[in-house]
Amino acid sequence: MQFDQCLRRLPFTGCIQGALHEGKTITVTGRVLPGAQRFHVNLQCGSRGNPDVALHFNPRYDGSKDVVICNTMQHSKWGPEEREYPASMTRGANFTLMFLVNRDSYSVIVNGAHFMEYLHRLSFSSVDTISVDGGVEIQSIAFSNPAVTSPPPQPGYAVHPHIVVPYKNIIVGGLYPGRNIIIQGVVNHNADKFCVNLRFNSGVALHFNPRFNENIVVRNSLLKEQWGPEERTGGMPFYRGHYILTSECVLAAMVPCAFPWMNSMFSYNHRHFLLQEIDILEVEGNVSLSSVLV
């Protein structure tokens with residue numbers, strides 16, 4: 001995962017590190033200016049002249065209703081617009097905007113929630129540049145790959161072409177505030193559910209359980225051999241056949257008492273407070289793993 005954490009002056013045009021391929025994500029964080037009329041993020045084919053634009057993502061605030069316009073420009077001609085309501089990124093608010101490259105489409109995720117799918121009109125293999133302009137401040141741009149087949153040795157980094165599921169591994173030293181667990185993989189096409197468990201010796205501190213037939217994510221704890229009350233609020237950020245998003249699938253033991261997940265879409269208050277005792281990670285169910293970082 002590579003980050004560019006400098007505040008960007010606009011207009012900004014930069015190279016997409018490693019170009020685009022299936023499973024890659026581009027994450028843009030920033031703030032919509034209070035008086036913004038519109039801004040755009042382009043995934044384009046080059047930076048000189050008038051390049052083709054594979055995806056033009058364009059929130060607009062200058063009409064009777066906020067809207068996001070998406071389009072493709074090829075040979076200097078725009079195609080038919082696709083419009084999505086509402087804009088999801090309000091004036092004056094911070095945002096996290098992620099583009100996930102799929103075989104047939106871009107998945108657009110705004111603030112941790114799935115926003116839309118945009119079918120490819122140009123091959124993503126020709127996209128090598130990102131540009132941003134308009135009424136927005138950009139804080140960071142991040143590029144993340146789905147898996148690394150031959151990474152340099154790093155403590156705690158387990159990367160394999162096929163990680164056996166169910167998966168179980170020791171979290172050396174247990175959890176502590178700020179520790180991250182990053183999981184990469186693909187949800188099976190016929191998935192019913194999968195789960196991620198953070199366990200300690202005699203229970204489960206966090207049971208994170210996306211259920212596709214119910215379209216919810218259930219969170220719970222197993223303490224003293226009894227399950228507690230389920231937490232079921234929040235959206236469903238996972239989709240059958242889609243990649244688990246690298247920069248989103250992060251569990252962090254944070255102060256004072258919560259496990260943020262999926263870019264703060266879910267927050268789960270601690271029910272087992274001795275974090276250092278939580279030293280086992282499990283992944284079970286209908287998911288294929290490509291890498292785990294503990």
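Since we're looking at a predicted model, the values are computed, not measured.
- Residues V283 and V165 come closest through the heavy atom pair O-CG1, 3.7 Å.
- A side-chain N or O of R60 and one of N58 form a donor-acceptor pair less than 3.5 Å apart.
- The side-chain heavy atoms of L122 and T72, taken from C-beta on, include a pair separated by under 4.5 Å.
- Judged as a ring pair (Phe, Tyr, Trp, His ring centres under 6.0 Å), and not counting sequence neighbours, Y118 has no contacts.
- For residues 192-206, every residue pair satisfying the salt bridge (charged side-chain N to carboxylate O under 4.0 Å, His left out) rule, not counting sequence neighbours, is listed here: R199-E282.
- Contact of the P80 side chain with the R121 side chain is registered, since non-hydrogen atoms from C-beta on lie closer than 4.5 Å.
- For the pair L175 and L198, the tightest heavy-atom approach, listed with the atom from each and the gap, is CD1-CD1, 4.0 Å.
- T129 pairs by the side-chain hydrogen bond (donor to acceptor under 3.5 Å, both in side chains) definition with nothing, not counting sequence neighbours.
- Scored by the side-chain hydrogen bond (donor to acceptor under 3.5 Å, both in side chains) test, D62 finds R38 as partners (sequence neighbours excluded).
- Salt bridge annotation for E81-R83: present, with a cationic side-chain nitrogen under 4.0 angstrom from a carboxylate oxygen.
- Counting non-hydrogen atoms of other residues, nucleotides and ligands closer than 6.0 Å to CD of Q37 gives a total above 12.
- Taking 4.5 Å as the limit, some side-chain heavy atom of N220 sits within range of a side-chain heavy atom of W227.
- Ring centers of Y106 and F124: at least 6.0 Å apart, outside the cut-off.
- By the 4.5 Å heavy-atom criterion applied to side chains, M116 and C70 are counted as neighbours.
- Taking H56 as the reference, H40, W78 meet the ring pair (Phe, Tyr, Trp, His ring centres under 6.0 Å) condition, with sequence neighbours excluded.
- With sequence neighbours left out, F39 forms a ring pair (Phe, Tyr, Trp, His ring centres under 6.0 Å) with F95.
- Under the 30°/60° scheme for interplanar angles, the aromatic rings of F273 and H270 are found to stand perpendicular.
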Given F99 and F57, is the ring-ring contact (aromatic ring centres under 6.0 Å, His included) satisfied, shown in steps? CA-CA 10 Å; F99 303 98; F57 183 85; 5.8 Å; yes

